[in-house]
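Below is one structure, written out as structure tokens, with a few remarks after it.
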Amino acid sequence: MCRMFCSCFRRRSYKVSTQHHTGCCSSLLAGIRMRTRSSSTQSEGSFLPGPSGRSAGEAAAGGAGAGGAGGGWLNGRFQKLFRRPGAQDSGNTTGKITSSSTSSSSAVTDGPLQPSRPEEPPTAVNFTFEENLQRSHFSEASQQLIEREERLFSEIPEAGELVRHNEEVNSLSAAYKALEHLILQTIQQSLSLSTGEVSTEALTSAVKAVYQEEKQDLLWQDRDQTPPGWRPRGWKELHDITVCSLITNHINNPSTPPANQEHQSSVEADLCSMGRQMVADMQLVVSKVKYCYPTDVNICDFYARKFHQTLSARVRQIADFGLEEKDCTFVLRWVNEYYLELLQKPWLVGEISSEPLGKLLPEELLKPLEEQYLSSKQSELMTYICRILEIEKQKWENREEPMKEDGCYDSPVAYDIIQFINGMVTSAEKVVGDLQKARSMTCKLDELMQRFKSFQDEVVKQNKSNSKAIVKAHLGSVEQFRDVLEKNADLFQEDARRNCLRVLTDMKESAHVYLLSPVHKALKPHYKKLGTNDWLKKPVFEQLLVGIQTQSEELQGSKESCHQELMCQLHLEVTVEYVRKLLKGEVKLKDRSEQNYACTTVKDNAETLHKLFVELGSKEDWLKEILVTIAEVLKLQELPSIQMQVASLGSAFPDLSEKHLSALLKLKTNVSKADRKTVKETLSDTLRETSVAGTRCFFSKVQVK
């Protein structure tokens with residue numbers, strides 16, 4: 001048999017015939033499988049040698065020797081094929097090698113260790129190559145072959161030894177093939193450690209053999225000598241290919257129990273099954289497989305990369321087809337949320353480097369899916385907001401008043417829209433994995449806000465019986481919208497956000513004008529008497545205060561903060577009207593006495609007006625100071641004092657114009673034209689040195705001729 005191998009080799013290169021190797025390797029593996037099947041029918045521990053030096057299986061078969069017709073697990077020709085160089089042919093090779101104690105042999109099985117006597121330490125067992133294969137001692141078998149290889153190629157054989165040398169080469173090549181097959185088979189079962197198809201000891205030994213052979217490949221690479229035909233073996237590469245094949249098979253054919261798929265599409269079911277399979281497999285890698293590898297290999301990272309690549313390929317296949325909205329959303333969410341959460345599992349975080357893995361889908365596949373999803377959500381957002389506004393409009397047309405909460409009119413418009421926007425943007429951020437992309441769906445929000453304003457304008461224009469109540473309720477909505485736009489700017493595109501804020505400002509001002517116009521109309525008779533002689537001689541101002549108090553009751557109904565803003569606006573407008581009527585110049589203050597009296601009157605009016613509006617909720621304390629400063633100008637007689645007071649007023653209110661100042665000084669008929677000109681120059685100098693930033697506007701609201 002051995003001589004037949006020689007025809008498959010060339011005498012000089014010692015190349016091994018593939019056909020011949022395959023036949024030899026197959027015969028060897030068939031013998032191993034035959035022995036394994038035979039042994040599996042024996043009692044527990046059948047791989048252990050019996051008392052006579054034979055295995056339990058051999059003992060049960062009648063104690064035939066290794067070279068006997070049916071006793072050994074390899075026949076004589078395979079024993080010759082795998083014998084060590086220089087060993088003597090023997091009819092009972094196996095018996096000679098395995099004559100150690102039962103307790104020492106049990107150490108290589110998967111079962112529990114048998115206790116040994118302390119005074120008799122276990123004896124080391126030197127198994128043959130065939131026995132190492134049978135016991136899955138792959139690293140030992142690999143080392144035996146490497147040693148044989150080193151001896152076989154340590155010197156060039158003489159002519160008379162060439163035939164025997166070629167036979168040894170054939171034998172060694174076949175042995176390598178047999179070992180390679182079993183090692184790859186073991187690696188292929190790496191993710192079956194939990195089911196017992198392969199033991200951690202076998203996988204550890206297989207891995208060790210892979211790295212031993214990798215080292216031997218490198219040694220031959222550095223030698224100035226023709227390597228054997230089987231070098232380099234490339235088992236490290238074969239290992240990686242085998243693991244990739246294993247992972248691909250697990251992902252494509254997940255064995256994890258399916259979840260309830262009643263409401264799932266086929267895409268959702270596939271992705272969920274693949275995810276569960278990866279979790280189950282990576283848990284096994286972290287808990288068992290990694291301990292079969294050297295620590296510097298970082299096998300968990302390797303498995304994670306291969307799972308990532310395999311999943312990526314599968315998800316690409318799914319994304320390449322046109323997806324319905326539901327599946328599109330799920331694919332994006334799985335890629336950007338669920339998969340990332342999987343990589344952040346506490347038991348996995350310290351084992352792998354997730355950042356270098358990147359996205360499961362490349363940008364060119366993600367972008368169309370994101371655009372499809374965001375377009376759909378934007379349309380959904382617009383439709384929802386339009387529906388809310390339509391419902392509100394329908395209530396107004398039916399002359400329904402808004403609901404009241406704590407005595408204040410309340411509109412659900414802002415609350416419903418804000419909740420919907422917040423929910424959609426937050427959800428979209430998870431789906432597309434980017435807040436900047438998610439908030440793009442709000443790019444048309446300013447258009448919807450403009451529709452809200454148009455609706456309010458229509459309410460104001462028609463002025464139905466429920467219009468005031470609706471506008472008061474809208475003030476609350478405007479405030480809510482503004483708060484969200486200012487405090488949660490990240491939810492909105494910046495251009496849309498700024499435009500929305502402008503629209504809201506217009507809506508608030510429009511509402512204030514609508515609500516306060518009837519108040520000013522009712523107070524107009526009282527305004528007319530301000531700045532006249534009657535104002536100085538009669539209790540005209542007290543009548544104005546009573547009118548303000550009465551009219552303020554009609555302004556109740558908006559939420560507290562909105563009502564306070566309304567009162568502040570009324571306080572400002574009443575003060576503006578007061579100053580406008582005063583600067584109109586109907587009263588003439590001829591001397592110091594009249595000017596002092598006018599000063600006292602203005603100060604008293606400022607105090608009582610401030611007190612009233614504080615009670616009504618206004619916080620505009622600065623309006624009182626304007627009237628007090630004007631009163632001081634009326635009282636002062638010395639030009640330098642007047643200049644200082646005007647400079648102070650101009651610094652505080654840069655919108656004070658020469659027209660305003662001229663009208664004020666004309667009230668004092670004893671101020672000469674030259675002095676008025678000097679004071680105006682003082683104001684001009686002050687305004688040139690005053691920054692407008694951060695100052696309040698008041699006099700620009702006071703119209704003078």
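None of the values given here were measured: they were computed from a predicted structure.
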- Message: With side chain to side chain donor-acceptor pair (under 3.5 Å) as the rule and sequence neighbours excluded, what pairs involving residues 686-699 come up?
- Response: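 Checked against side chain to side chain donor-acceptor pair (under 3.5 Å) - neighbours excluded - the pairs reaching residues 686-699 are Asp685-Arg688.
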- Does any pair with a residue in residues 645-654 pass side chain to side chain donor-acceptor pair (under 3.5 Å), and if so which ones, sequence neighbours excluded?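 Pairs touching residues 645-654 that pass the test: none.
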Decide whether [X] and [Y] meet the rule of one side-chain donor and one side-chain acceptor closer than 3.5 Å.
{"X": "Glu577", "Y": "His520", "result": "no"}
{"X": "Lys359", "Y": "Asn336", "result": "yes"}
{"X": "Tyr514", "Y": "Asn463", "result": "yes"}
{"X": "Glu658", "Y": "Ser684", "result": "yes"}

- Message: Check this for me, if you would: do Lys464 and Glu397 make a salt bridge, where the nitrogen-to-carboxylate-oxygen distance has to be below 4.0 angstrom?
- Response: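 Looking at Glu397 together with Lys464, the answer is no, because their closest N to O distance does not fall below 4.0 Å.
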- Message: Does this structure show an ion pair linking Glu392 with Arg451, if we count only N-O contacts that are shorter than 4.0 Å?
- Response: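 No, this pair does not count.
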- Query: With sequence neighbours excluded, what pairs up with Phe541 under the ring pair (Phe, Tyr, Trp, His ring centres under 6.0 Å) test?
  - Reply: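 Checked Phe541 against ring pair (Phe, Tyr, Trp, His ring centres under 6.0 Å); matches are Tyr578.
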- Query: Does Lys430 NZ have over 12 foreign heavy atoms under 6.0 Å away?
  - Reply: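 No, the 6.0 Å shell around NZ holds no more than 12 heavy atoms from other groups.
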- Task: Inspect the surroundings of CD in Gln543 and state if more than 12 heavy atoms from other residues, nucleotides or ligands are less than 6.0 Å away.
- Result: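 Check passes, neighbour count above 12.
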- Item | side chain to side chain donor-acceptor pair (under 3.5 Å) against Ser440, all qualifying residues, sequence neighbours excluded |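 Listed in chain order: nothing, the list is empty.
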- Which residues satisfy the side chain to side chain donor-acceptor pair (under 3.5 Å) test with Asp495, sequence neighbours excluded?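 Asp495 satisfies side chain to side chain donor-acceptor pair (under 3.5 Å) with Arg498 once adjacent residues are dropped.
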- Query: Tell me, do Phe613 and Glu620 make a side-chain contact under 4.5 Å, heavy atoms counted?
  - Reply: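 A side-chain contact under 4.5 Å is absent here.
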- Candidate pair His660 and Ser657, rule side-chain hydrogen bond (donor to acceptor under 3.5 Å, both in side chains), full reasoning: CA-CA 5 Å; His660 294 117; Ser657 68; 2.8 Å; yes
- With sequence neighbours excluded, what pairs up with Ala663 under the side-chain contact (heavy atoms from CB on, under 4.5 Å) test?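 Result, side-chain contact (heavy atoms from CB on, under 4.5 Å) vs Ala663: Leu583.
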- Can you label the angle between the Phe330 ring and the Tyr338 ring as parallel, tilted or perpendicular, going by 30° and 60°?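 Tilted.
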